[in-house]
Amino acid sequence: MKSLKDKILQEGKVLSDTVLKVDPFLNHQIDPLLMKEIGEEFANRYSDEVITKILTIESSGIAPATMLGLTIGAPVVFARKRKSLTLANNLYSSSVHSFTKNETNEISVSRDFLTADDNVLIVDDFLANGEAVKGLLDIAEQAGANVIGVGIVIEKGFQEGGKNLREQGIRIESLANIKSLANGQVEFYDELI
């Protein structure tokens, strides 16, 4: 997706060979026009599927997932990282390790919002080692839901997550797939790997 790649090149900051900061448009401040375009692109890429629910994880996956939901008219369910008084029982839960934050969180989704009748598309902001996606796949499996695929805004193709998930037969559509962040430069794969 050219506009996303351009935005990454213009506003993203390479912090190391493994960390890309995209706070100006995705992870802190949100560019709503770009998110709308991202939602439309995911809808186009998965137009061959019937999606009844979009599943993401708080917080940076919510904006692209919501724009997809708006485009196709499907509800968005997001896994919470912390329990609250209103979300304490009747949950699907899974443990997820964050590469960027180097911490493990238990994520949870209410059983009221995900069922065996759902065709689920998982959406997230980044795919690095695949831990968040694995946690969301686990939750969908607990619900008995059918996962039709995964939509990723930015994949770090030089890390193993995407490769490992694809080897399991999971359909992944990444809008920007990064080949390298070496020497402070973003290099994209020309095609999906």
Side-chain angles (χ1 to χ4, degrees), residues 1-47 49 51 53-82 96 98-101 103 105 107 120-133 135-136 149-159 161-162 165 171-193:
M1 187 174 152
K2 185 179 183 325
S3 59
L4 174 61
K5 291 178 181 177
D6 289 346
K7 188 71 105 167
I8 291 167
L9 293 173
Q10 292 163 10
E11 297 182 27
K13 291 198 178 9
V14 178
L15 300 183
S16 73
D17 287 355
T18 58
V19 179
L20 173 67
K21 185 175 180 176
V22 290
D23 285 4
F25 59 92
L26 179 61
N27 292 131
H28 194 60
Q29 175 173 269
I30 295 170
D31 180 332
L33 294 176
L34 180 62
M35 291 307 112
K36 181 177 184 287
E37 191 177 342
I38 285 170
E40 291 167 350
E41 182 65 22
F42 282 139
N44 181 53
R45 291 188 185 203
Y46 282 97
S47 63
E49 300 284 356
I51 301 165
K53 293 276 172 70
I54 300 158
L55 180 62
T56 191
I57 189 168
E58 69 175 347
S59 62
S60 297
I62 295 173
T66 298
M67 290 304 190
L68 170 60
L70 184 64
T71 302
I72 66 171
V76 175
V77 177
F78 65 91
R80 291 181 178 237
K81 293 179 183 172
R82 290 175 181 51
V96 171
S98 168
F99 171 81
T100 307
K101 296 176 184 167
E103 66 183 24
N105 291 296
I107 61 169
V120 175
L121 178 63
I122 292 172
V123 172
D124 205 8
D125 61 339
F126 272 94
L127 174 58
N129 293 322
E131 295 301 312
V133 172
L136 293 170
V150 176
I152 298 295
V153 179
I154 302 169
E155 180 175 347
K156 295 179 185 175
F158 56 87
Q159 290 179 286
L165 292 166
R171 178 180 174 187
I172 299 174
E173 294 287 340
S174 298
L175 304 186
N177 196 335
I178 297 173
K179 184 175 185 179
S180 172
L181 295 173
N183 303 314
Q185 300 295 313
V186 178
E187 182 184 355
F188 297 103
Y189 283 103
D190 291 332
E191 298 176 8
L192 288 178
I193 57 173

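Positions are given from 1, in the same order as the sequence printed here. This one's a predicted model, so the numbers in the text were calculated from it and none came from an experiment.
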field: Trace of the side-chain contact (heavy atoms from CB on, under 4.5 Å) decision for Ile62 with Val76
entry: CA-CA 8 Å; Ile62 295 173; Val76 175; 5.6 Å; no
- request: Please examine the side chains of Phe188 and Leu9, heavy atoms only from C-beta on, and report whether any two atoms are closer than 4.5 Å.
  value: yes
- prompt: Is Lys7 close to Leu34 at the side-chain level, that is, under 4.5 Å between some pair of heavy atoms?
  reply: yes
statement: CD (Gln159) and CG (Leu181) are apart, to the nearest 0.5 Å, by 8.5 Å
field: Distance in Å, Leu175 CG paired with Ser3 OG, rounded so as to fall on 0.5 Å steps
entry: 9.0 Å
Interatomic spacing from CD1 in Ile30 to CZ in Phe25 - rounded to 0.5 Å: 11.5 Å
query: Is the backbone of Gly157 close enough, under 3.5 Å, to the side chain of Asn177 for a donor and an acceptor to pair up by distance?
result: yes
- prompt: At what distance, to the nearest 0.5 angstrom, does CG of Leu15 lie from CG of Leu20?
  reply: 7.5 Å
task: Give a yes or no on whether Lys5 atom NZ has more than 12 heavy-atom contacts from other residues, nucleotides or ligands under 6.0 Å away.
output: yes
message: Please find the pair of heavy atoms, one from Pro24 and one from Glu11, that lie closest to each other, and give the distance.
response: CB-OE1, 3.3 Å
- prompt: Should Leu121 and Ile72 count as side-chain neighbours, where that means a heavy-atom distance under 4.5 Å?
  reply: no
message: Within the supplied structure, the quantity of interest is the number of heavy atoms (other residues, nucleotides, ligands) at a distance under 6.0 Å from Asn183 CG; does it exceed 12?
response: no
message: Would you compute the distance between atom CE of Met35 and atom CG of Leu70 and round it to the nearest 0.5 angstrom?
response: 14.0 Å
task: Heavy atoms only: give me the nearest Ser47-Asn44 pair and the separation to one decimal.
output: OG-O, 3.1 Å
field: Nearest atoms (heavy-atom pairs only) where Leu4 meets Ala176
entry: CD2-CB, 3.8 Å
message: So which atom in Val133 and which in Ile122 form the shortest heavy-atom distance, rounded to 0.1 Å?
response: O-CD1, 4.5 Å
field: Test log, rule side-chain contact (heavy atoms from CB on, under 4.5 Å), inputs Ile38 and Met1
entry: CA-CA 8 Å; Ile38 285 170; Met1 187 174 152; 3.7 Å; yes
task: Output yes when a side-chain donor or acceptor of Lys156 lies under 3.5 Å from a complementary backbone atom of Thr18, and no otherwise.
output: yes
message: One pair to check against side-chain contact (heavy atoms from CB on, under 4.5 Å): Val150 and Leu165. What are the steps and the verdict?
response: CA-CA 10 Å; Val150 176; Leu165 292 166; 5.8 Å; no
message: Tell me if a side-chain donor or acceptor on Asn105 pairs with a main-chain N or O of Ile107 at a distance below 3.5 Å.
response: no
- prompt: Gly61 and Val123: which non-hydrogen atoms are nearest, and at how many Å?
  reply: O-CG1, 4.4 Å
- prompt: Which heavy atom of Phe42 sits nearest a heavy atom of Glu173, and at what distance?
  reply: CE2-O, 3.7 Å
- request: Determine, stepwise, if the pair Leu136 / Val120 fulfils side-chain contact (heavy atoms from CB on, under 4.5 Å).
  value: CA-CA 10 Å; Leu136 293 170; Val120 175; over 6 Å; no
Backbone of Glu58 reached by a side-chain donor or acceptor of Lys81 within 3.5 Å: yes
query: Measuring from Leu26:CG to Phe126:CZ, what's the distance to the nearest 0.5 Å?
result: 6.5 Å
